[in-house]
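One structure below.
Bear in mind that the values here come from a model prediction, so they are computed numbers and not experimental data. Order of listing sets the numbers, starting from 1, for every ligand and every atom in it.
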Amino acid sequence: MKLLEGKTALIFGIANDHSIAWGIAQAMHEHGARLAFSYASQILERRVRPLAEKVNAVFIELCDVSQDEDIAAMFARAADELGTIDILVHSIAFANREELTSPFYETSREGFRIAMDISVYSLVALARAALPLMTKGGSILTLSYYGGQKVMPNYNVMGIAKAALETATRYLAADLGPHDIRVNAISAGPIRTLSSAGISGFKRMYRQFAAITPLQRNITINDIGGAAVWLTSDLARAVTGEVLFVDAGFNILGFPALREQIQL
Ligand code: NAD
């Protein structure tokens with residue numbers, strides 16, 4: 001059974017075939033959605049275009065979400081070529097590398113501003129731009145991480161950004177509910193991507209993750225794709241303002257089980 005037949009999704013955040021947004025795009029394609037992609041910079045185009053072709057995306061368009069003109073151009077094209085949209089996927093985050101390697105108290109004013117602008121404000125800006133195209137209601141999905149709720153080594157300013165993102169999800173859900181637009185976040189367990197490579201110590205944490213979690217496994221972009229399909233489908237029609245953990249159960253633990261195989 002295809003859960004997204006007849007729906008159109010605009011997807012932000014594919015950089016390459018390791019991106020969480022690519023896992024989401026593949027799953028949405030398998031479930032019958034019509035897709036269009038945006039990408040952040042010219043140098044990414046040669047990676048994103050072949051992926052777009054694989055899932056018959058209607059178009060791909062450059063959109064740096066820190067630029068209001070890019071957002072306006074992106075949605076003008078979406079209005080022209082797609083008419084209306086049902087799903088918006090926001091799978092975008094950015095912080096300067098130095099903010100993810102030094103102690104949190106050394107976060108610079110500019111580094112803080114950039115992380116909040118690209119990782120949080122962009123959700124608000126994209127939701128506002130999408131509203132006139134979501135005439136039949138819709139579903140907006142963003143990606144969070146547990147570092148927004150608990151302290152994670154070196155996650156630093158991105159933790160603050162994810163806390164703000166989760167709160168923005170709730171405020172947007174309240175604003176847009178009367179338009180029958182749902183807004184939710186998936187809090188993904190650690191996945192090796194371009195973004196996570198910038199977090200100091202990530203690889204070590206990733207390697208220990210499967211041994212600690214209740215499901216004894218790591219998370220894949222396909223796991224996130226499956227949850228994203230459900231959350232943006234009509235099956236989840238009464239779910240809004242939520243943060244859904246897709247992390248093999250890591251977040252329910254107060255302390256990791258001391259199994260013999262865990263080398264901490
Ligand atoms: P990724 O690097 O593949 O994706 C991040 C995307 O953000 C890229 O496509 C990048 O081009 C885009 N981006 C950055 N600055 C931008 C800008 N100015 N304009 C437009 N796009 C911009 O990495 P990912 O891990 O797939 O990250 C996607 C989302 O998932 C992020 O919000 C990330 O915080 C979140 N997340 C990742 C993990 C993980 O372990 N990888 C875990 C939980 C949540």
Handout entry: Side-chain hydrophobic cluster, 4.5 Å single linkage: members besides V124
Key = Y121
Exercise for the section: Spell out, yes or no, whether L143 and M28 are grouped together once hydrophobic residues are joined by side-chain heavy atoms under 4.5 Å, including indirect joins. Expected result: yes
Completion exercise
In this structure, CG of N218 is separated from CG of D247 (nearest 0.5 Å) by 11.5 Å
One pair per line, please: each N/O atom of ligand 1 matched with every protein N/O atom under 3.5 Å away, atom names first, then the distance to 0.1 Å.
{"unit_1": "ligand 1", "atom_1": "2 (O)", "unit_2": "S195", "atom_2": "N", "d": "3.1"}
{"unit_1": "ligand 1", "atom_1": "2 (O)", "unit_2": "S195", "atom_2": "OG", "d": "2.7"}
{"unit_1": "ligand 1", "atom_1": "3 (O)", "unit_2": "S19", "atom_2": "OG", "d": "2.6"}
{"unit_1": "ligand 1", "atom_1": "9 (O)", "unit_2": "G13", "atom_2": "O", "d": "2.9"}
{"unit_1": "ligand 1", "atom_1": "9 (O)", "unit_2": "A15", "atom_2": "N", "d": "3.4"}
{"unit_1": "ligand 1", "atom_1": "18 (N)", "unit_2": "D64", "atom_2": "OD1", "d": "2.9"}
{"unit_1": "ligand 1", "atom_1": "19 (N)", "unit_2": "V65", "atom_2": "N", "d": "2.9"}
{"unit_1": "ligand 1", "atom_1": "23 (O)", "unit_2": "T193", "atom_2": "OG1", "d": "3.2"}
{"unit_1": "ligand 1", "atom_1": "23 (O)", "unit_2": "S195", "atom_2": "OG", "d": "3.0"}
{"unit_1": "ligand 1", "atom_1": "25 (O)", "unit_2": "T193", "atom_2": "OG1", "d": "2.6"}
{"unit_1": "ligand 1", "atom_1": "26 (O)", "unit_2": "I20", "atom_2": "N", "d": "2.8"}
{"unit_1": "ligand 1", "atom_1": "32 (O)", "unit_2": "I92", "atom_2": "O", "d": "3.3"}
{"unit_1": "ligand 1", "atom_1": "32 (O)", "unit_2": "K162", "atom_2": "NZ", "d": "2.9"}
{"unit_1": "ligand 1", "atom_1": "34 (O)", "unit_2": "K162", "atom_2": "NZ", "d": "2.8"}
{"unit_1": "ligand 1", "atom_1": "40 (O)", "unit_2": "I191", "atom_2": "N", "d": "2.8"}
{"unit_1": "ligand 1", "atom_1": "40 (O)", "unit_2": "I191", "atom_2": "O", "d": "3.2"}
{"unit_1": "ligand 1", "atom_1": "41 (N)", "unit_2": "I191", "atom_2": "O", "d": "2.9"}
{"unit_1": "ligand 1", "atom_1": "41 (N)", "unit_2": "T193", "atom_2": "OG1", "d": "3.3"}

Practice task
Enter the distance from H29:NE2 to I11:CD1 here, rounded to the nearest 0.5 Å.
Solution key: 11.0 Å
Exercise for the section: Sort and list the pairs that fulfil ring pair (Phe, Tyr, Trp, His ring centres under 6.0 Å) and have at least one residue in residues 130-149, not counting sequence neighbours. Expected result: Y145-Y155, Y146-F245
Exercise for the section: Enumerate the residue pairs fulfilling side-chain hydrogen bond (donor to acceptor under 3.5 Å, both in side chains) with a member in residues 225-243, sequence neighbours excluded, ordered by first and then second residue. Expected result: K7-D234
